[in-house]
Peer 1: 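Submitted below is the structure of interest, expressed as structure tokens.
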Amino acid sequence: MERLKNHGAFVAVLRGRNTVVSKDLVVHFLPRGGFDTPDVEGIRPERRMGLAVSKAVGNAVTRNAVKRRFRVLARTHEGLLPRSCDIVMRARPSAARASFQSLDSQVVRCFGNISRSRKIRDAHGATAKHGTHVNRAVTTTSDTASKREIGA
């Protein structure tokens with residue numbers, strides 16, 4: 001799983017306002033659905049992840065331990081996520097005291113909920129009720145470079 005490397009990508013995921021919440025973590029996600037632009041190297045990574053662990057979680061040693069746990073869990077369960085999706089895993093203060101097994105089950109549940117999310121299915125060309133494919137057209141505005149989906 002690739003990392004979200006710049007502030008703009010991080011903010012885009014957080015502004016998408018798509019979240020899955022559990023006791024010790026919040027997972028923000030943004031379906032890309034193939035409409036994303038290539039990275040600087042010209043490669044489109046499948047899944048990208050960022051971590052947000054605030055000082056409320058604990059001191060630097062504690063925050064780094066939580067980040068290590070999140071990286072291991074995300075790598076282990078990334079197969080549960082859709083192929084083109086950006087996520088930001090945000091730790092709640094209780095994550096520092098949570099057991100690895102508890103975090104593991106929460107990540108499995110959150111990633112599974114993301115895969116089943118209607119927003120993910122819509123972004124990846126979900127089918128309508130009668131089995132017909134939902135067509136998508138993308139238009140971009142030059143001043144904001146934001147993307148809009150229009151159902152045809």
Peer 1: Measure the spacing between CG of Leu80 and SG of Cys85 and express it to the nearest 0.5 Å.
Peer 2: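 It comes to 12.0 Å.
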Peer 1: In the single-linkage hydrophobic clustering (I, L, V, M, F, W, Y; side-chain heavy atoms under 4.5 Å), do Val11 and Val27 co-cluster?
Peer 2: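 No; tracing contacts between hydrophobic side chains, which count when under 4.5 Å, never links both residues.
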Peer 1: Between Ile87 and Phe111, is a side chain to side chain contact (heavy atoms under 4.5 Å, CB included) present by the stated rule, with each step listed?
Peer 2: CA-CA 10 Å; Ile87 64 167; Phe111 284 11; 3.7 Å; yes
Peer 1: What residues, two or more places apart in sequence or in another chain, satisfy side-chain contact (heavy atoms from CB on, under 4.5 Å) together with Val26?
Peer 2: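 Checked Val26 against side-chain contact (heavy atoms from CB on, under 4.5 Å); matches are Thr19, Val21, His28, Arg90, Arg92.
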Peer 1: Report the distance from atom CZ of Phe29 to atom CG of Asn18, rounding to the nearest 0.5 Å.
Peer 2: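 One finds 4.5 Å between CZ of Phe29 and CG of Asn18.
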Peer 1: Who pairs with Thr76 by side chain to side chain donor-acceptor pair (under 3.5 Å), at least two apart in sequence or on another chain?
Peer 2: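 Checked Thr76 against side chain to side chain donor-acceptor pair (under 3.5 Å); zero matches.
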Peer 1: Can you tell me how far the CE atom of Met89 sits from the CG atom of Leu103, to the nearest 0.5 Å?
Peer 2: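 Rounded to the nearest 0.5 Å, the CE-CG separation comes to 8.0 Å.
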Peer 1: Between CG of Leu25 and SG of Cys110, what distance do you get to the nearest 0.5 Å?
Peer 2: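 Between Leu25 CG and Cys110 SG, I get 4.5 Å after rounding to 0.5 Å.
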Peer 1: Side-chain heavy atoms under 4.5 angstrom apart, residues restricted to Ile, Leu, Val, Met, Phe, Trp, Tyr: same cluster for Val72 and Val107?
Peer 2: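 Same cluster: Val72 reaches Val107 through Ile, Leu, Val, Met, Phe, Trp or Tyr contacts under 4.5 Å.
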Peer 1: For Arg83, is there an ion pair with Glu46 - N to carboxylate O distance below 4.0 angstrom?
Peer 2: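 Result for this pair is yes, salt bridge flagged.
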Peer 1: Looking at every non-hydrogen atom in both residues, tell me the closest pair between Ser115 and Pro82 and how far apart they are.
Peer 2: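 That closest heavy-atom pairing would be OG-CD, 3.8 Å.
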Peer 1: How would you list, by chain and number, every residue that makes a side-chain contact (heavy atoms from CB on, under 4.5 Å) with Asn6, sequence neighbours excluded?
Peer 2: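 For Asn6 the side-chain contact (heavy atoms from CB on, under 4.5 Å) partners, ignoring immediate neighbours, are Ala9.
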Peer 1: With sequence neighbours excluded, tell me which residues meet side chain to side chain donor-acceptor pair (under 3.5 Å) with Ser94.
Peer 2: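 For Ser94 the side chain to side chain donor-acceptor pair (under 3.5 Å) partners, ignoring immediate neighbours, are Asp24.
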Peer 1: So, using side-chain contact (heavy atoms from CB on, under 4.5 Å) as the criterion, who are the partners of Ala96 when residues are at least two apart?
Peer 2: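 Applying side-chain contact (heavy atoms from CB on, under 4.5 Å) to Ala96 gives Val57, Thr62, Val66.
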Peer 1: Does the pair Arg47 and Glu78 meet the rule for a salt bridge (charged side-chain N to carboxylate O under 4.0 Å, His left out), with working shown?
Peer 2: CA-CA 8 Å; Arg47 298 176 188 102; Glu78 78 174 290; 3.6 Å; yes
Peer 1: Taking only residues two or more places apart in sequence or in another chain, which ones pass side-chain contact (heavy atoms from CB on, under 4.5 Å) with Ala60?
Peer 2: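 With neighbours one apart ignored, the set is Arg63.
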Peer 1: Using side-chain heavy atoms (C-beta onward) and a distance below 4.5 Å, is His77 in contact with Asp104?
Peer 2: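 With C-beta onward as the side chain, the pair touches.
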Peer 1: Tell me which one of Arg15, Arg3, Arg48 satisfies salt bridge (charged side-chain N to carboxylate O under 4.0 Å, His left out) with Asp86.
Peer 2: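 Of the listed options, the one satisfying the test is Arg48.
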Peer 1: What I want to check is whether the side chains of Ser102 and Gln106 have a donor and an acceptor closer together than 3.5 Å.
Peer 2: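 Per modelled atom types, Ser102 and Gln106 side chains form a pair under 3.5 Å.
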Peer 1: Hey, what do you get for CE (Met49) to CZ (Phe70), rounding to the nearest 0.5 Å?
Peer 2: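 Answer rounded to 0.5 Å: 9.5 Å.
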Peer 1: What's the verdict on side chain to side chain contact (heavy atoms under 4.5 Å, CB included) for Val88 and Leu51, showing C-alpha distance, side-chain angles and the deciding distance?
Peer 2: CA-CA 5 Å; Val88 173; Leu51 298 172; over 6 Å; no
